[in-house]
Amino acid sequence: MARQGRSGETKMEGELLALTYGAVVARVLKDYERTDEVNAQLDKMGYNIGVRIIDDFLAKNRHGRCKNMQETAEAIQSAFKQYINVQPQVGKWNDAQNSFSLTLDTNPLTSFVELPAELSRLYYCQLFCGIIRGALEMVQLETKVQIVADNLKGSNVTEIRISFVKKLVDALPVGED
Amino acid sequence: MVVYNLYILGKNGQSLFYREWLREQSSNLSRDEEDKLMVGLLFSLSNFAKKMSSSPGTGVFKSFNTSKYKLHYWESPTGIKLVLNTSTDVEPCHDHLSTLYHHIFIQTVVKNPLVPLTEPINSSLFVTKLDAFIKQQTFFQD
Amino acid sequence: MESYTLFEYFHNELANWKGFGADKDEHISILEDIGYKVGISLCENMCKDRPRFKEEVDVLRFLCRDFWELCFRRSANSLKTDNAGTYVIQDSEFRTLTALSSGKQFLTDAPKFLAYPCGLLRGALFALTLNAHVTVEVTQIPAAKFKIDILRK
Amino acid sequence: MPVDRFFIVSKSGGLIYSYDNAAACPSVEQTLGFPLPFELDVVDGKIEVVYGEQDGIKTGQVLLNYNEHEVSGTVVRDGSQTGTPVLTLLADKANYPVNLRFGLPKMSSNEKIIMASTFHTVFAFSCQLSPMTGSSGIKAMDCGSFKFFCFQSPTGTKFICQTDTRVTDERAESFLEKCYEIYSDYALKNPFYSLEMPIRADLFDIHLKSSIELVDRPLMRS
């Protein structure tokens, strides 16, 4: 039996993740009536993943906390490349330089997915939003993360908008000065 | 060269872990009280380092020593705090603490969804690996 | 490969997710079912350019090497059979269990981390035209013993 | 000069002497349009950059001037009675462009007093948390860009100095012990000096300064 080459391996691994995710979305859709509830569940799953995978990312890249949104954007860009093998573009900064978009030309999660019309309110990639939000929260950044362009709904890219909300302060346990 | 004890404290000062290899003096406080004291100490020292440095962002508390022990401190970017107390002749061991975090804590705590990140660690695999790691170090003497 | 890392953290979340089913048994059954569906697609994709397997044991060998490699990042340790349709695959360091413990701790939670893999295996076998019953036994984490019973029509 | 700051803390935690020769951090001035590219928040009563470092304006820097007027705490001294809260002014687009100066302010006397008392407490905790019996409090501290040393006399008075990273533990210890001698000669032996009160004696200052210079010299030879 011939061994698959490197790119073949990466592709198949990407499929493992994409197929698993697809099956999970289908299951969650079965369990919840309203699509915004489904979006919330996918976001929560993502959040739980994000608060842990951030440590993996920071450890593997010997990264410290980012000092501004530009560094944060670069780090997220590099994380996408590392974990799903696709490098998004960073752009569309606002005037205050604290909000930007990540644009994915190809989205490995949605390669084989076709969204039926009745699920137009589903944000299929909401998992990514949760992951990013959870990960950033662990380095003391509260952010709002939303999908603003969806390649399953007519756009040819997936665009995720990340906006700074506030810097979280390291809290001491109750009772400390 | 001797290793005395290790504290691991969470992002918000929670007690996550404590282990001692050699301790001759107890603080006469409960585990919880002692951890809170340690958190307060670290918080004060980190603030102190930040305020006293003449260049912004460069003052970072790393270690201190008294006549009898040296306290080494390392904090992950996600706020997990590692404190290792050793004898005073041990060189700064931040590399060891970061290795402990990257290779042991992440692999057995972060990667185990059954262990919450905000409560005392109850993974015996973590303890086994930690113990083995510390005992391997040149500064550990049985 | 890092993309496997994301899958690992995702699987961890699924194993521990409280939203699948009302109790532990339902949770395990749902995870197994998800695994089954994915196993079928994954295996079909893997094998579409390969020649057909000559014998049943070749399918099992493929399962515990190539398929295991893709899904669990290693080959299984051993494959045994009674030559009457029952196979036992042993993996001394099963990937979804290695971070949990090395012994008895969390043993009662182990089924949650094995449900999806069992489903994957059952689905893969189905894709290769074998209907099978897949169960797993763990007495000491992270060693897992999978038992595959090929169902004859 | 490797000794940036020197303090004497009485046994009850009061600051009785302070010497501050820490280099001032160069300040950065910029004219900025709305909205600001970084995040400001009130930290310890001052307006600080908490995130969004750019163009020389660094995290941790404090707002010193607003349109050429001094900022004190969270208000700008613009002639009004209590000063105007700066964050309110910065939130209003109509006030832009603004000229802001950031930097690290010199430590105020009050801050030094608080620092002394905090250190005094921390020193006590470090004894309490010692895993070995008979430990002293903190003798030396590594803070990345500087070091901090403390010598406690048998009577409980603490002699503390902040130095650059080149100073060794031995040199710092001998410096602080010398300071203790100076204190004993020119403060304690001075009939007009009351214990636990701030030291105001020229002879003390002179001897202390020359002692600080001595810490320099061996380093220049190496």
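It should be emphasised that the depicted structure is a prediction, and the values quoted were computed from it without experimental measurement. Here is how names work: the chains are called A, B, and so on, in the same order as the sequence lines, proteins then strands, and each is numbered from 1.
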Query - Part of residues 17-39 of chain A lying next to chain D, heavy-atom separation under 4.5 Å - result: none
Distance-only donor-acceptor screen, chain A against chain D, under 3.5 angstrom:
{"residue": "A:Lys67", "atom": "O", "partner": "D:Gly52", "partner atom": "N", "Å": "2.8"}
{"residue": "A:Lys67", "atom": "O", "partner": "D:Glu53", "partner atom": "N", "Å": "3.1"}
{"residue": "A:Asn68", "atom": "O", "partner": "D:Tyr51", "partner atom": "OH", "Å": "3.0"}
{"residue": "A:Asn68", "atom": "ND2", "partner": "D:Glu53", "partner atom": "O", "Å": "2.4"}
{"residue": "A:Met69", "atom": "N", "partner": "D:Tyr51", "partner atom": "OH", "Å": "3.4"}
{"residue": "A:Thr72", "atom": "OG1", "partner": "D:Tyr51", "partner atom": "OH", "Å": "2.6"}
{"residue": "A:Asn98", "atom": "ND2", "partner": "D:Glu39", "partner atom": "OE2", "Å": "3.1"}

Requested in this report: Count the heavy atoms belonging to other residues, nucleotides or ligands that lie under 6.0 Å from NZ of A:Lys153, then report whether that count exceeds 12.
Outcome: yes
**Report entry** side-chain contact (heavy atoms from CB on, under 4.5 Å) against A:Ala135, all qualifying residues, sequence neighbours excluded
**Finding:** A:Ile54
Query raised in the report: ring pair (Phe, Tyr, Trp, His ring centres under 6.0 Å) with D:Phe146: which residues, sequence neighbours excluded?
Result: none
Report task. Assess whether atom OH of A:Tyr123 is packed by more than 12 heavy atoms of other residues, nucleotides or ligands within 6.0 Å. Result -> no
